[in-house]
Each structure stands twice: as structure tokens, then as C-alpha cells.
Amino acid sequence: MEPLLRGRFAPSPSGRMHLGNVFTALLAWLSVRAAGGTLVLRMEDLDPDRCREEYAQVLAEDLRWLGLDWDEGYQMGGPHGPYRQSERTELYAARFRQLEQMGLVYPCFCTRAERLAASAPHRGDGQILYSGRCRSLSPQEREELSRTRRSAWRLAVPDERVSFIDGHLGYYEEDLCRACGDFIIRRSDGVYAYQLAVVTDDGAMEINQVVRGQDLLDSTPRQILLYRLLGLPQPVFYHVPLLLAEDGRRLSKRDMDLDMGALRARYSPEQLVGKLAFLAGLSPTGEPVRPAELAADFSWSKVPERDVIVQTSMFGE
Ligand code: GLU
């Protein structure tokens, strides 16, 4: 028997959701509902500087308003709680220790400026390719540096290519050493990094399908490495297209006119879902529709693979 599909939506409550976030949420919801699976809502509020409980509450309310419900998670509870990452630190600490015991974790004392200066040429997407400078420090050097600086913690990455089949995009591979190098799994302020937390949580919550934006496609090989090292089963990944403004910019929380506050003031849930369905290739006309009506003939083959341009006229007054 096929195991029950368990998907999740894992937003960061760092502000109001915008059109791109709800586009991803709709696709994560449809993919699970079309297969009769279970959907988990997890709040990724790891970063105390950016995330707030008020945002999480509004986010959950916006999802309900859209008609996107969930079976387990934030405000619902369930067997794999708590469902706020800020309350799951012990679990991340245990996974961190597991990697430490394998001899794969080392302290990094580099400042951001030093990391930038020492980084090898990278792909120009803003990601720093770490040179591995602190990997070879002697115990004495570590001891000395730790007197004046707090270290971050990095995972020593093996020299190999990691590949996977994306459920939506097909084959993807990356050479970890050349794409990112040894990556941070715990920041110098003690906060566990997204890569470690997301793998710990998807593993613990028995998630077997991950639907998320293509901005995270190049994080997936790092996460697959962590699944392997931690002995956790790897989910199937579906990376959905990003929504771009007409000038080619990625829509973000800065596009206030397309955040949920502005959208709710202008449209009914059905009108907004209709427009999202049009952008997702699931409705030829974009006419008002409820999410549940889209689930019956949802298919990933209809969803575009690459970035989707949002015509301003579609969201004009
Ligand atoms: N919390 C991440 C975000 O809001 C998503 C993480 C994921 O889906 O893996 O961008």
C-alpha cells in the first residue's frame, strides 16, 4: 500500500503574505487535497529578529479566508507538535549533536566581511561560496579565536554531486563544494539555520511531499545531504514557479499592493483564488472559484515550470 501523502506549508511569519506566498500555498494545498493526503502548517519563526507571533496569527487567518485549511499544525495541534520552530530548539540541538558526533561540524570564526573577501567566484545569485578557511584551524587556533569571537557552526561538505528528481521540474543536480561549500547549520547567535531546522522538522513530522518556491531549489541538495547524514527518509520535492512583476523583478513582501491586506480589500476569496488558478495554469479564464473546486482535476502537468509574469492589469483597480 502507498503510504499516506503528508505535505506541508511552512511559511516564515515575517510579514503579511504576498501573492507569491499564497500561490505556493494554493499549490501545496491542491497537491495534498487532490491525493487525499494530510496537510501540516508549520510556522518557520526561527529568526527572532524578523518573525512575530502576530504575523503568524494573521497568516493563518489569511489562509482560512482563502479556503486553504490544514489538518495538523499551528493552532490545530497534532502528534508531531509543537508546530512553531521557535519551540523546537531541542530537536535541532539533538540533530546538531548527531552531526557533531560524526565529526562533520566545525566552528567558523569568519565575519561576514571576511567570508565575502575569502569567497571564491560564485554563481552571482548572492550566495557566498565559503572557502573552507576555518575547516583547517588547529585546536589551539580555535581556542584562541574563541576568546574574542563567537563562532558560527558549519557542516563539512563532501566533494560530491547531489542529484534528485523534482516532481515538477525533473532532474536537478548540484556540486555542493562548488555551489555553496561548507554551509552554516548554526549561527553565531545560537539560532539553528534553516537548512538544519527544515530537515529536522520535515523528518520528525513524517513529511513525504515538499511543495515550495523555486527560490529554494538550490537549497534542496544541501537538505538531501542532511537527510542522508541524519538517516531520515527523503521527501519528494516539487518546486513551483516564482511570480515576477512585469519588469522581471521577483514579487516580494515589499510589493505592498500585492500583499494579503491589499488583496483582501479588493477581492473576494473566490476572485483571488480564480486569479491564482489562472497564473497556475489551472483555469483558462481566471473566473472566481473555490480551492475545493480546483482539487478534482488538479494536475502538476498543467502548472508552468518556469517563472510566471503577473500582468499589472490583472490586479489593477
Ligand atoms: N520558511 C520558508 C519560506 O517561507 C519555506 C521553507 C520551505 O518550504 O522549505 O520561505
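The model shown is predicted, which means the values in this text are computed figures rather than measured ones. Here, residue 1 is the first one in the sequence, and each next residue gets the next number. Just so it is clear, the values below take in all heavy atoms, side chains as well, and ignore hydrogens, waters and symmetry mates.
Ring geometry for Phe237 versus His239: interplanar angle under 30°, hence parallel rather than tilted (30 to 60°).
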Discussion item. If you apply the rule salt bridge (Lys or Arg N to Asp or Glu O under 4.0 Å), what do you find for Arg133 with Asp182, and how did you get there?
Written reply: CA-CA 10 Å; Arg133 193 168 175 234; Asp182 297 344; over 6 Å; no

Worksheet item: Going through the checks in order, is the side chain to side chain donor-acceptor pair (under 3.5 Å) test met by Glu72 and Tyr83?
Response: CA-CA 9 Å; Glu72 191 183 306; Tyr83 292 93; 2.8 Å; yes

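The backbone N or O of Val191 lies less than 3.5 Å from no partner atom in the side chain of Arg187, so there is not a single donor-acceptor pair. In this structure, the side chain of Arg250 does not engage the main chain of Leu244 through any donor-acceptor pair within 3.5 Å. Between the Arg266 side chain and the Phe315 main chain, a donor and an acceptor come within less than 3.5 Å of each other. Within the 3.5 Å criterion, the main-chain N or O of Met17 finds no donor-acceptor partner in the side chain of Asp259. The closest donor-acceptor contact from the side chain of Glu293 to the backbone of Arg290 lies under 3.5 Å. With hydrogens and angles ignored, the 3.5 Å screen pairs no side-chain donor or acceptor of Ser12 with any backbone N or O of Ser14. Remark: the backbone N or O of Gln98 is not paired with any side-chain donor or acceptor of Gln101 at under 3.5 angstrom. Between the Asp45 side chain and the Ser86 main chain, a donor and an acceptor come within less than 3.5 Å of each other. No donor-acceptor pair under 3.5 Å is formed between the side chain of Ser31 and the backbone N or O of Ala28. Of the possible polar contacts, none joining the Lys302 side chain to the Ala280 backbone as a donor-acceptor pair under 3.5 Å is found.
Phe23 has its side chain out of reach of Leu242: every pair of non-hydrogen atoms, C-beta onward, lies at least 4.5 Å apart. Arg33 has its side chain within reach of Asp69: a pair of non-hydrogen atoms, C-beta onward, lies under 4.5 Å apart. The shortest distance between side-chain heavy atoms of Tyr172 and Ser163 does not fall below 4.5 Å. Between Pro288 and Val273, the closest side-chain pair of non-hydrogen atoms is not below 4.5 Å. Counting heavy atoms from C-beta on, the side chains of Leu196 and Leu99 come closer than 4.5 Å. Tyr194 has its side chain out of reach of Ile184: every pair of non-hydrogen atoms, C-beta onward, lies at least 4.5 Å apart. Side-chain atoms of Leu176 and Arg222, non-hydrogen and from C-beta on, do get closer than 4.5 Å to each other. Side-chain contact between Leu276 and Val22 is present, with at least one heavy-atom pair separated by less than 4.5 Å.
Closest approach of Ala25 and Leu63 over heavy atoms only: CB-CD2, 3.9 Å. Of all heavy-atom pairs spanning Leu41 and Pro11, the tightest one is CD1-CD, 3.7 Å.
With values rounded to the nearest 0.5 angstrom, Ser151 atom OG is found 9.5 Å from Leu145 atom CG. Taken to the nearest 0.5 Å, the CG atom of Asp175 stands 9.5 Å off from the SG atom of Cys180. Rounding to the nearest 0.5 Å places CG of Asn208 at 7.5 Å from CG of Leu4. Distance check: Arg249 CZ to Leu243 CG gives 12.5 Å after rounding to the nearest 0.5 Å. Atom CG of Asp189 sits about 7.0 Å away from atom CZ of Arg150, to the nearest 0.5 Å.
For the residue pair Tyr92/Asp201, the side-chain donor-acceptor check at 3.5 Å is satisfied. Side-chain contact check for Tyr55 and Gln57: no donor-acceptor pair (N or O, by modelled atom type) lies under 3.5 Å. Side-chain atoms of Thr220 and Gln223 form no donor-acceptor pair, as typed in the model, at a separation below 3.5 Å.
Salt bridge annotation for Arg84-Glu53: present, with a cationic side-chain nitrogen under 4.0 angstrom from a carboxylate oxygen. Between Arg228 and Glu160, at least one side-chain nitrogen of the basic residue sits less than 4.0 Å from a carboxylate oxygen of the acidic one, meeting the salt-bridge criterion. Between Arg8 and Asp71 there is no salt bridge, since no side-chain N of the basic residue sits under 4.0 Å from a carboxylate O of the acidic one. Between Glu144 and Arg142 there is no salt bridge, since no side-chain N of the basic residue sits under 4.0 Å from a carboxylate O of the acidic one. Taking the charged nitrogens against the carboxylate oxygens, Glu270 and Lys275 have no contact shorter than 4.0 Å, which rules out a salt bridge. At a threshold of 4.0 Å, the pair Arg6-Glu206 does not count as salt-bridged, since none of the basic side-chain nitrogens sits closer than that to a carboxylate oxygen.
Figure legend: Arg154 and Tyr106 shown without cation-pi pairing, the cationic atom not lying both under 6.0 angstrom from the six-membered ring centre and within 45 degrees of its axis.
Aromatic rings from Phe96 and Tyr192 are positioned such that their centres are separated by under 6.0 Å. Note: Phe9 and Trp70 fail the aromatic proximity criterion, with ring centroids not under 6.0 Å apart.
A continuous path of ILVMFWY side-chain contacts below 4.5 Å connects Phe278 to Leu68, so both sit in one hydrophobic cluster. Both Leu294 and Trp65 are assigned to one and the same hydrophobic cluster, defined by single-linkage of ILVMFWY side chains at heavy-atom distances under 4.5 Å.
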